[in-house]
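One structure is given here, and the rest of the page talks about it.
Chain naming here is simple, since letters A, B, ... match the order of the sequence lines and numbering starts at 1 in each.
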2 protein chains.
Amino acid sequence: MSTARQTRQREVIVQVLQQAEGPLSAPELLARAQVTLPGLGTATVYRTLKLMQEQGEAHAVHLDGEPMYESSGRGHHHHFSCNGCGRVFSLHSCPVALPRGTVYPGGFVVEDHEVTLYGRCPQCAAQQAQAPAPGVTAG
Amino acid sequence: MSTARQTRQREVIVQVLQQAEGPLSAPELLARAQVTLPGLGTATVYRTLKLMQEQGEAHAVHLDGEPMYESSGRGHHHHFSCNGCGRVFSLHSCPVALPRGTVYPGGFVVEDHEVTLYGRCPQCAAQQAQAPAPGVTAG
DNA sequence: CTATTTGCAAACCCTTTGCGCTGGT
DNA sequence: ACCAGCGCAAAGGGTTTGCAAATAG
(Lines give C-alpha, C1' and ligand atoms only; values in the text may rest on other atoms or scores of the structure.)
Protein backbone atom coordinates (compact mmCIF):
# COMPACT_ATOMS: atom_id res chain seq x y z
CA MET A 1 0.00 0.00 0.00
CA SER A 2 2.78 2.38 -0.88
CA THR A 3 0.21 4.02 -3.04
CA ALA A 4 1.00 7.67 -2.42
CA ARG A 5 4.25 8.60 -4.07
CA GLN A 6 6.01 11.87 -3.43
CA THR A 7 6.24 13.76 -6.69
CA ARG A 8 7.19 17.28 -7.57
CA GLN A 9 3.72 17.88 -8.99
CA ARG A 10 1.94 16.90 -5.81
CA GLU A 11 4.37 18.86 -3.73
CA VAL A 12 3.61 22.03 -5.68
CA ILE A 13 -0.15 21.47 -5.73
CA VAL A 14 -0.27 20.91 -1.98
CA GLN A 15 1.83 23.96 -1.34
CA VAL A 16 -0.28 26.21 -3.53
CA LEU A 17 -3.40 25.03 -1.78
CA GLN A 18 -1.93 25.57 1.66
CA GLN A 19 -0.67 29.03 0.86
CA ALA A 20 -3.90 30.13 -0.76
CA GLU A 21 -5.78 32.83 1.12
CA GLY A 22 -9.03 31.00 0.55
CA PRO A 23 -10.59 28.22 -1.46
CA LEU A 24 -9.48 27.84 -5.07
CA SER A 25 -11.21 26.41 -8.10
CA ALA A 26 -9.36 23.72 -10.01
CA PRO A 27 -8.47 26.03 -12.90
CA GLU A 28 -7.19 28.66 -10.48
CA LEU A 29 -5.13 26.11 -8.67
CA LEU A 30 -3.74 24.88 -11.97
CA ALA A 31 -2.75 28.38 -13.03
CA ARG A 32 -0.98 29.12 -9.77
CA ALA A 33 0.84 25.82 -9.76
CA GLN A 34 1.97 26.32 -13.34
CA VAL A 35 3.88 29.41 -12.27
CA THR A 36 6.23 27.05 -10.48
CA LEU A 37 5.75 24.03 -12.69
CA PRO A 38 4.95 25.24 -16.21
CA GLY A 39 4.40 21.80 -17.70
CA LEU A 40 1.77 20.76 -15.16
CA GLY A 41 -1.26 19.16 -16.74
CA THR A 42 -4.92 19.65 -16.00
CA ALA A 43 -5.55 16.01 -15.28
CA THR A 44 -2.85 15.87 -12.66
CA VAL A 45 -4.49 18.63 -10.69
CA TYR A 46 -7.83 16.89 -10.68
CA ARG A 47 -6.29 13.55 -9.83
CA THR A 48 -4.28 15.01 -7.00
CA LEU A 49 -7.26 16.91 -5.72
CA LYS A 50 -9.32 13.73 -5.63
CA LEU A 51 -6.52 11.93 -3.88
CA MET A 52 -6.17 14.63 -1.28
CA GLN A 53 -9.86 14.59 -0.58
CA GLU A 54 -9.85 10.85 -0.09
CA GLN A 55 -7.00 11.19 2.32
CA GLY A 56 -8.65 14.05 4.11
CA GLU A 57 -5.90 16.49 3.21
CA ALA A 58 -8.28 18.72 1.34
CA HIS A 59 -11.97 19.16 0.93
CA ALA A 60 -14.37 20.77 -1.49
CA VAL A 61 -16.76 23.59 -0.81
CA HIS A 62 -19.39 24.84 -3.16
CA LEU A 63 -19.57 28.55 -3.65
CA ASP A 64 -22.19 29.86 -5.96
CA GLY A 65 -22.26 26.57 -7.80
CA GLU A 66 -18.55 26.34 -8.38
CA PRO A 67 -16.68 23.55 -6.69
CA MET A 68 -13.63 24.94 -4.92
CA TYR A 69 -10.97 23.31 -2.86
CA GLU A 70 -9.10 24.15 0.25
CA SER A 71 -6.51 22.53 2.42
CA SER A 72 -7.77 20.81 5.53
CA GLY A 73 -6.41 21.50 8.97
CA ARG A 74 -7.78 24.96 9.39
CA GLY A 75 -10.57 23.69 11.55
CA HIS A 76 -14.27 23.78 10.93
CA HIS A 77 -15.34 26.96 9.19
CA HIS A 78 -17.63 28.34 6.56
CA HIS A 79 -17.62 31.08 3.98
CA PHE A 80 -18.90 34.50 3.30
CA SER A 81 -19.31 35.49 -0.31
CA CYS A 82 -19.44 39.21 -0.92
CA ASN A 83 -22.13 40.33 -3.33
CA GLY A 84 -20.23 43.54 -3.88
CA CYS A 85 -16.66 42.61 -4.72
CA GLY A 86 -17.09 38.87 -5.20
CA ARG A 87 -14.37 37.95 -2.76
CA VAL A 88 -14.75 34.94 -0.50
CA PHE A 89 -13.88 35.12 3.18
CA SER A 90 -13.51 32.40 5.75
CA LEU A 91 -15.66 32.70 8.83
CA HIS A 92 -14.16 31.36 11.99
CA SER A 93 -17.30 31.26 14.04
CA CYS A 94 -19.91 28.75 12.98
CA PRO A 95 -23.52 29.95 12.95
CA VAL A 96 -24.90 26.46 13.44
CA ALA A 97 -24.38 23.87 16.14
CA LEU A 98 -24.68 20.58 14.31
CA PRO A 99 -21.93 18.16 15.25
CA ARG A 100 -21.67 14.82 13.48
CA GLY A 101 -24.40 12.54 14.74
CA THR A 102 -26.98 15.20 15.46
CA VAL A 103 -30.40 13.90 14.57
CA TYR A 104 -32.50 16.47 12.83
CA PRO A 105 -36.31 16.55 13.23
CA GLY A 106 -37.78 13.79 11.08
CA GLY A 107 -34.95 11.37 11.68
CA PHE A 108 -32.25 12.89 9.51
CA VAL A 109 -28.83 12.00 10.83
CA VAL A 110 -26.40 14.82 10.17
CA GLU A 111 -22.87 13.89 9.20
CA ASP A 112 -21.71 17.21 7.88
CA HIS A 113 -22.97 20.62 6.95
CA GLU A 114 -22.07 23.47 4.69
CA VAL A 115 -23.03 27.05 5.28
CA THR A 116 -22.47 29.95 2.96
CA LEU A 117 -23.44 33.49 3.79
CA TYR A 118 -23.98 36.03 1.06
CA GLY A 119 -23.91 39.76 1.62
CA ARG A 120 -21.54 42.69 1.96
CA CYS A 121 -18.06 42.48 3.32
CA PRO A 122 -16.98 45.25 5.74
CA GLN A 123 -15.43 47.30 2.94
CA CYS A 124 -18.35 47.06 0.56
CA ALA A 125 -20.82 47.70 3.37
CA ALA A 126 -18.93 50.86 4.29
CA GLN A 127 -18.86 52.08 0.70
CA GLN A 128 -22.56 51.54 0.43
CA ALA A 129 -23.29 53.52 3.56
CA GLN A 130 -20.93 56.39 2.78
CA ALA A 131 -21.33 56.63 -0.97
CA PRO A 132 -24.72 55.38 -2.20
CA ALA A 133 -23.88 56.42 -5.73
CA PRO A 134 -20.87 57.84 -7.55
CA GLY A 135 -20.81 61.60 -7.40
CA VAL A 136 -23.24 61.90 -4.54
CA THR A 137 -21.87 63.65 -1.49
CA ALA A 138 -23.03 63.38 2.09
CA GLY A 139 -23.90 67.04 2.37
CA MET B 1 -44.39 44.39 -22.56
CA SER B 2 -46.21 41.23 -23.46
CA THR B 3 -42.89 39.55 -23.05
CA ALA B 4 -43.95 36.37 -21.25
CA ARG B 5 -46.01 34.22 -23.55
CA GLN B 6 -48.00 31.27 -22.38
CA THR B 7 -46.71 28.19 -24.12
CA ARG B 8 -47.25 24.51 -23.61
CA GLN B 9 -43.55 24.06 -22.84
CA ARG B 10 -43.48 26.61 -20.07
CA GLU B 11 -46.69 25.29 -18.66
CA VAL B 12 -45.21 21.81 -18.36
CA ILE B 13 -41.86 22.99 -17.00
CA VAL B 14 -43.53 25.10 -14.32
CA GLN B 15 -45.80 22.26 -13.35
CA VAL B 16 -42.99 19.74 -13.06
CA LEU B 17 -41.03 22.12 -10.89
CA GLN B 18 -43.99 22.82 -8.64
CA GLN B 19 -44.85 19.17 -8.23
CA ALA B 20 -41.29 18.11 -7.53
CA GLU B 21 -40.65 16.86 -4.02
CA GLY B 22 -37.44 18.85 -3.89
CA PRO B 23 -35.01 20.76 -6.07
CA LEU B 24 -34.24 19.36 -9.51
CA SER B 25 -31.24 19.69 -11.74
CA ALA B 26 -31.84 20.94 -15.26
CA PRO B 27 -31.34 17.47 -16.81
CA GLU B 28 -33.73 15.92 -14.29
CA LEU B 29 -36.29 18.56 -14.96
CA LEU B 30 -35.90 17.99 -18.68
CA ALA B 31 -36.40 14.26 -18.32
CA ARG B 32 -39.53 14.64 -16.24
CA ALA B 33 -41.00 17.23 -18.54
CA GLN B 34 -40.30 15.04 -21.55
CA VAL B 35 -42.61 12.40 -20.14
CA THR B 36 -45.43 14.80 -20.87
CA LEU B 37 -43.83 16.64 -23.75
CA PRO B 38 -41.49 14.22 -25.58
CA GLY B 39 -40.16 16.75 -28.05
CA LEU B 40 -39.03 19.24 -25.43
CA GLY B 41 -35.55 20.59 -26.07
CA THR B 42 -32.70 21.16 -23.67
CA ALA B 43 -32.32 24.82 -24.49
CA THR B 44 -35.93 25.55 -23.74
CA VAL B 45 -35.54 24.23 -20.23
CA TYR B 46 -32.54 26.42 -19.56
CA ARG B 47 -34.15 29.45 -21.11
CA THR B 48 -37.34 28.97 -19.14
CA LEU B 49 -35.41 28.40 -15.96
CA LYS B 50 -33.50 31.62 -16.45
CA LEU B 51 -36.72 33.46 -17.16
CA MET B 52 -38.38 32.07 -14.07
CA GLN B 53 -35.48 33.11 -11.91
CA GLU B 54 -35.55 36.63 -13.27
CA GLN B 55 -39.24 36.81 -12.50
CA GLY B 56 -38.75 35.34 -9.08
CA GLU B 57 -40.85 32.28 -9.84
CA ALA B 58 -37.96 29.94 -9.22
CA HIS B 59 -34.52 30.06 -7.71
CA ALA B 60 -31.34 28.05 -7.78
CA VAL B 61 -29.64 26.26 -4.94
CA HIS B 62 -26.27 24.59 -5.05
CA LEU B 63 -26.15 21.06 -3.79
CA ASP B 64 -22.91 19.21 -3.90
CA GLY B 65 -21.69 21.52 -6.61
CA GLU B 66 -24.63 20.96 -8.89
CA PRO B 67 -26.95 23.83 -9.57
CA MET B 68 -30.53 22.78 -8.90
CA TYR B 69 -33.78 24.62 -9.19
CA GLU B 70 -36.97 24.82 -7.25
CA SER B 71 -40.20 26.70 -7.41
CA SER B 72 -40.45 29.77 -5.21
CA GLY B 73 -43.19 30.35 -2.73
CA ARG B 74 -42.42 27.61 -0.28
CA GLY B 75 -40.89 30.00 2.17
CA HIS B 76 -37.38 30.05 3.54
CA HIS B 77 -35.91 26.59 3.84
CA HIS B 78 -32.77 24.58 3.32
CA HIS B 79 -31.77 21.12 2.20
CA PHE B 80 -30.63 17.79 3.39
CA SER B 81 -28.62 15.70 0.99
CA CYS B 82 -28.54 11.98 1.79
CA ASN B 83 -25.12 10.38 1.51
CA GLY B 84 -26.81 7.01 1.18
CA CYS B 85 -29.39 7.32 -1.55
CA GLY B 86 -28.44 10.71 -2.93
CA ARG B 87 -31.92 12.14 -2.59
CA VAL B 88 -32.43 15.72 -1.52
CA PHE B 89 -35.01 16.72 1.06
CA SER B 90 -36.33 20.09 2.05
CA LEU B 91 -35.99 21.06 5.67
CA HIS B 92 -38.71 23.23 7.06
CA SER B 93 -36.93 24.35 10.17
CA CYS B 94 -33.92 26.57 9.69
CA PRO B 95 -30.87 25.78 11.81
CA VAL B 96 -29.58 29.33 11.64
CA ALA B 97 -31.05 32.61 12.68
CA LEU B 98 -29.63 35.08 10.21
CA PRO B 99 -32.29 37.39 8.83
CA ARG B 100 -31.34 39.91 6.17
CA GLY B 101 -29.39 42.70 7.74
CA THR B 102 -27.73 40.66 10.45
CA VAL B 103 -24.21 41.90 10.98
CA TYR B 104 -21.76 39.09 11.45
CA PRO B 105 -18.65 39.49 13.64
CA GLY B 106 -16.10 41.48 11.68
CA GLY B 107 -18.65 43.70 9.99
CA PHE B 108 -20.05 41.30 7.43
CA VAL B 109 -23.60 42.28 6.56
CA VAL B 110 -25.63 39.19 5.78
CA GLU B 111 -28.12 39.44 2.94
CA ASP B 112 -28.81 35.79 2.43
CA HIS B 113 -27.58 32.38 3.44
CA GLU B 114 -27.54 28.87 2.15
CA VAL B 115 -27.32 25.85 4.38
CA THR B 116 -26.95 22.26 3.30
CA LEU B 117 -26.83 19.33 5.64
CA TYR B 118 -25.27 16.06 4.56
CA GLY B 119 -25.94 12.73 6.20
CA ARG B 120 -28.43 9.87 6.26
CA CYS B 121 -32.09 10.24 5.57
CA PRO B 122 -34.47 8.34 7.92
CA GLN B 123 -34.66 5.37 5.57
CA CYS B 124 -30.94 5.03 4.97
CA ALA B 125 -30.22 5.54 8.65
CA ALA B 126 -32.64 2.71 9.47
CA GLN B 127 -31.13 0.41 6.85
CA GLN B 128 -27.71 1.04 8.22
CA ALA B 129 -28.81 0.06 11.71
CA GLN B 130 -31.02 -2.88 10.78
CA ALA B 131 -29.46 -4.36 7.66
CA PRO B 132 -25.70 -3.89 7.41
CA ALA B 133 -25.58 -5.88 4.17
CA PRO B 134 -28.02 -6.95 1.44
CA GLY B 135 -29.49 -10.40 1.92
CA VAL B 136 -29.25 -10.30 5.66
CA THR B 137 -32.57 -10.87 7.36
CA ALA B 138 -33.61 -9.69 10.77
CA GLY B 139 -34.41 -13.15 12.06
C1' DC C 1 13.13 -3.19 -12.12
C1' DT C 2 8.10 -2.55 -11.47
C1' DA C 3 4.12 -0.10 -10.40
C1' DT C 4 2.62 4.44 -9.99
C1' DT C 5 2.16 8.96 -11.99
C1' DT C 6 2.24 12.24 -15.62
C1' DG C 7 0.88 14.90 -19.91
C1' DC C 8 -1.56 14.90 -23.90
C1' DA C 9 -5.70 14.63 -26.23
C1' DA C 10 -10.06 12.81 -26.83
C1' DA C 11 -14.23 12.01 -24.53
C1' DC C 12 -17.92 13.61 -21.54
C1' DC C 13 -21.12 16.05 -19.04
C1' DC C 14 -23.80 20.44 -18.62
C1' DT C 15 -24.98 24.92 -20.34
C1' DT C 16 -25.21 28.55 -23.83
C1' DT C 17 -25.84 30.35 -28.38
C1' DG C 18 -27.16 30.83 -33.52
C1' DC C 19 -30.66 30.02 -36.73
C1' DG C 20 -34.76 28.94 -39.42
C1' DC C 21 -39.46 27.56 -38.40
C1' DT C 22 -43.59 27.29 -35.30
C1' DG C 23 -47.09 29.36 -32.88
C1' DG C 24 -49.06 32.82 -29.32
C1' DT C 25 -51.52 37.14 -29.29
C1' DA D 1 -49.16 39.69 -39.33
C1' DC D 2 -45.43 40.01 -36.02
C1' DC D 3 -42.19 38.57 -33.20
C1' DA D 4 -41.35 35.75 -28.93
C1' DG D 5 -40.30 31.15 -28.34
C1' DC D 6 -39.05 26.43 -29.95
C1' DG D 7 -35.98 22.52 -31.40
C1' DC D 8 -31.79 21.34 -33.38
C1' DA D 9 -27.11 21.24 -33.48
C1' DA D 10 -22.76 23.39 -32.83
C1' DA D 11 -19.92 25.79 -29.61
C1' DG D 12 -17.92 26.45 -24.96
C1' DG D 13 -16.08 25.51 -20.32
C1' DG D 14 -14.91 22.37 -16.78
C1' DT D 15 -13.83 17.60 -15.47
C1' DT D 16 -12.65 12.73 -16.53
C1' DT D 17 -10.37 9.00 -18.89
C1' DG D 18 -7.06 6.07 -22.04
C1' DC D 19 -2.49 5.37 -23.08
C1' DA D 20 2.55 5.53 -23.83
C1' DA D 21 6.49 7.65 -21.76
C1' DA D 22 8.72 9.13 -17.38
C1' DT D 23 9.89 8.37 -12.62
C1' DA D 24 9.66 7.23 -7.52
C1' DG D 25 10.80 3.63 -4.42
Side-chain angles (χ1 to χ4, degrees), chain A residues 1-17 20 22-55 57-70 81 86 88, chain B residues 1-17 20 22-70 81 86 88 116:
Chain A
M1 64 177 71
S2 56
T3 316
R5 287 189 184 176
Q6 172 66 13
T7 68
R8 177 94 183 108
Q9 287 82 343
R10 289 181 184 174
E11 185 185 312
V12 173
I13 292 171
V14 169
Q15 183 179 303
V16 167
L17 208 55
L24 300 176
S25 67
E28 280 172 343
L29 174 49
L30 173 66
R32 296 195 189 189
Q34 283 180 333
V35 173
T36 304
L37 214 71
L40 184 63
T42 315
T44 301
V45 170
Y46 285 101
R47 284 189 280 234
T48 302
L49 238 20
K50 178 175 289 187
L51 192 71
M52 290 177 73
Q53 290 180 73
E54 289 170 355
Q55 295 179 175
E57 295 174 18
H59 59 103
V61 293
H62 307 114
L63 293 159
D64 212 48
E66 298 265 324
M68 306 187 82
Y69 308 86
E70 61 185 357
S81 178
V88 173
Chain B
M1 62 175 76
S2 56
T3 316
R5 288 189 184 177
Q6 171 67 13
T7 68
R8 178 90 181 110
Q9 288 81 345
R10 289 182 183 175
E11 186 185 311
V12 173
I13 291 171
V14 169
Q15 184 178 302
V16 167
L17 208 54
L24 300 177
S25 67
E28 280 173 343
L29 174 51
L30 173 65
R32 296 196 189 189
Q34 283 181 332
V35 172
T36 304
L37 214 70
L40 185 63
T42 315
T44 301
V45 170
Y46 285 102
R47 283 189 280 234
T48 301
L49 238 20
K50 178 175 288 186
L51 192 71
M52 289 177 71
Q53 290 180 74
E54 290 170 351
Q55 296 181 173
E57 295 175 19
H59 59 104
V61 292
H62 306 114
L63 292 157
D64 212 48
E66 298 265 322
M68 306 187 82
Y69 308 86
E70 61 186 359
S81 177
V88 174
T116 307

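- Between Pro23(A) and Met68(A), the shortest heavy-atom distance links the atoms O-CE, 3.5 Å.
- Regarding Leu24(A), its CG atom lies at a distance of 16 Å from the C1' atom of dG14(D), rounded to whole Å.
- Following rounding to the nearest Å, Leu37(A) (CG) and dG7(C) (P) show an atom-to-atom distance of 7 Å.
- For the pair His62(B) NE2 and dC14(C) P, the computed distance is 16 Å after rounding to whole Å.
- One can place CG of Leu30(B) at 12 Å from C1' of dG7(D), the figure rounded to the nearest angstrom.
- Rounding to the nearest 0.5 angstrom, the gap separating the CZ atom in Arg47(A) from the OG1 atom in Thr42(A) is 10.0 Å.
- A search for side-chain contact (heavy atoms from CB on, under 4.5 Å) contacts involving Gln15(A) returns Gln19(A), not counting sequence neighbours.
- Atom CD in Glu66(B) sits about 13 Å away from atom C1' in dC12(C), given to the nearest Å.
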Donor-acceptor pairs under 3.5 Å, side chain of residues 29-40 of chain B to any protein atom, not counting sequence neighbours: which ones?
| residue | atom | partner | partner atom | Å |
| --- | --- | --- | --- | --- |
| Arg32(B) | NH1 | Glu21(B) | OE1 | 3.4 |
| Arg32(B) | NH2 | Glu21(B) | OE2 | 3.3 |
| Gln34(B) | NE2 | Leu40(B) | O | 2.8 |

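- Residues that satisfy the side-chain contact (heavy atoms from CB on, under 4.5 Å) test with Glu11(A), not counting sequence neighbours, are Gln6(A), Arg8(A).
- Going from atom CG of Leu49(A) over to atom P of dT5(C) covers 15 Å, rounded to whole Å.
- Rounding to whole angstrom units, CD of residue Gln34(A) and P of dG7(C) are separated by 9 Å.
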Dump every N/O contact between nucleotides 18-23 of chain C and the protein below 3.5 Å, one line per pair.
| residue | atom | partner | partner atom | Å |
| --- | --- | --- | --- | --- |
| dG23(C) | N2 | Arg5(B) | NH1 | 2.7 |

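- Across every non-hydrogen atom of Ala26(B) and Val45(B), the tightest pair is O-CG1, 4.1 Å.
- Taking Glu28(B) as the reference, nothing meets the salt bridge (Lys or Arg N to Asp or Glu O under 4.0 Å) condition, with sequence neighbours excluded.
- Following rounding to the nearest Å, Glu54(A) (CD) and dT16(D) (C1') show an atom-to-atom distance of 14 Å.
- The two atoms that bring Ser25(A) and Tyr69(A) nearest to each other are C-CD1, 4.5 Å, heavy atoms only.
- Nearest-nucleotide assignment on DNA chain C puts the 5′-proximal partner with Thr48(A), out of Pro27(B) and Thr48(A).
- If you take CD on Glu70(A) and CG on Leu24(A), they are separated by 9.0 Å, rounding to the nearest 0.5 Å.
- Of all the residues in residues 6-15 of chain A, Gln6(A) reach under 4.0 Å from DNA chain D with at least one non-hydrogen atom.
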